[in-house]
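I have placed the structure first, in the form of structure tokens, so that the comments after it can refer back to it.
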Amino acid sequence: MKIVELQQVEKVYQGVPALQPLDLELHQGEVLGLFGHNGAGKTTTIKLILGLIGATTGKVSVFGEDPTRSDARHLRRKLGFLQENVSFYDQLTGLEVLQYFARLKGVAKQTCPELLAQVGLGDASKRRVKTYSKGMRQRLGLAQALLGEPELLLLDEPTVGLDPIATQDFYHRIEQLKQQGCTVILCSHVLPGVEKYIDRALILGQGQLLAQGSLAELRQQANLPATFHLQGDALTLPEPLAARLQHSANGRQLAVPLAEKMAILQQLSGLAGLEDLDIQLPSLEDIYTYYIRTQCGPEAGQ
Ligand code: ATP
């Protein structure tokens, strides 16, 4: 089932093009990472899916409906949204804030204490939000987004302010929600650690789609090399490998095109003197940097 479908969706704000014609299909249980530099069009894409703004041209469908139609209000109960730089009424307690949002969403307020416990705010639930740290406010934002067991979750910078353990807990929660059939769009500038939790990445640059696909597909498209880290004092490489060997503080490294990875691995494994070998594939960060640098130029996002 298509949960989100964008067909040639374009957004122009008072003459400023924010999003150039974009196609996107998201199916039930998929987790999409939406990445791009500042001003690339991520928030615009999220707002179009939430129905907060209309497309200048093209068609947006969420659960098969136009999210901007006034009779699409029932859709909002299926949606969870965490906005960037979340802020709440400081004088209320965490529990009161969550109960307030539960009432707005038509969700039973009895679910709130359990939800706060899930995000690690059980003990702080009766403290005023003004006493919360930045990470605690972010956790409260997550609890708000998770109210009513949403079928589509849109999360803008969800791990900002979270400590490493809370970040891990957050991603495990995303995994659980995915298992339950929830579809997730995750926008982030913090790329390390995200890649194992997303099914697909979509990279935007200056309002344009730069790349879209699974990490394996993007690695193929970008054609960045794998890095072989070699260990062995007595190791001597034959030409032409020897000419490609680089020496750094991390030891000896060989940049290997992905298409040659297996052939070179076989060649190396037969060499005397090779004591150990680690293979590092291009990371999501490497792929992201490659697309932004090659297609947007050095000033992207400045
Ligand atoms: P960031 O990572 O900084 O949050 P983003 O990728 O979310 O950036 P958008 O907020 O979608 O970027 O903005 C895309 C472009 O549209 C930018 O050039 C921005 O200045 C412009 N823009 C966004 N909202 C408006 C608006 N209401 N009026 C005019 N221009 C806007």
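Keep in mind that what you see is a predicted model, and the values were worked out from it rather than measured. Along the sequence shown, residues are numbered consecutively beginning with 1. Each ligand, and each atom within it, is numbered from 1 in the order the structure gives.
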For [atom], find the nearest protein heavy atom and state the residue, atom name and distance (0.1 Å precision).
| atom | answer |
| --- | --- |
| atom 18 (O) of ligand 1 | G39 O, 4.0 Å |
| atom 10 (O) of ligand 1 | T43 CB, 3.6 Å |
| atom 3 (O) of ligand 1 | N38 ND2, 3.0 Å |
| atom 23 (C) of ligand 1 | Y13 CE1, 3.4 Å |
| atom 13 (O) of ligand 1 | T44 OG1, 3.8 Å |

Measuring from non-hydrogen atoms of [X] to any atom of ligand 1, is the shortest distance under 4.0 Å?
| X | answer |
| --- | --- |
| K47 | no |
| G36 | no |
| H189 | yes |

Q. Quick one: CG on L48 to OG1 on T68, what's the gap to the nearest 0.5 Å?
A.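 The OG1 atom of T68 is 9.5 Å from CG of L48, to the nearest 0.5 Å.
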Q. Rounded to the nearest 0.5 Å, what separation is found between the CG atom of L258 and the CZ atom of R219?
A.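 Rounded to the nearest 0.5 Å, the CG-CZ separation comes out at 8.0 Å.
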Q) Would a search of protein heavy atoms around atom 6 (O) of ligand 1 find one under 4.0 Å away? A)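 Yes, there is a protein heavy atom closer to it than 4.0 Å.
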Does atom [atom1] of [X] have more than 12 heavy-atom neighbours, drawn from other residues, nucleotides or ligands, at distances under 6.0 Å?
| X | atom1 | result |
| --- | --- | --- |
| E149 | CD | no |
| Y89 | OH | no |
| D123 | CG | no |

Q) Taking the six-membered ring of F35 as reference, does the NZ or CZ atom of K42 fall below 6.0 Å from its centre and within a 45° cone about the axis? A) no
Q: Give yes if a backbone or side-chain nitrogen or oxygen of V16 is under 3.5 Å from a nitrogen or oxygen of ligand 1, and no if not.
A: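 N/O-N/O distance under 3.5 Å: no.
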Q) Any nitrogen or oxygen of A18, main chain or side chain, under 3.5 Å from a nitrogen or oxygen of ligand 1? A) no
Q.
Below 4.0 Å, non-hydrogen atoms only: which portion of E84 touches ligand 1? Side chain, backbone, both or neither.
A. side chain
Q: Examine Y132 together with F88 and report whether their ring centres are nearer than 6.0 Å.
A: no
**Q.** Carboxylate-amine/guanidinium proximity below 4.0 Å for K47 and D156
**A.** no
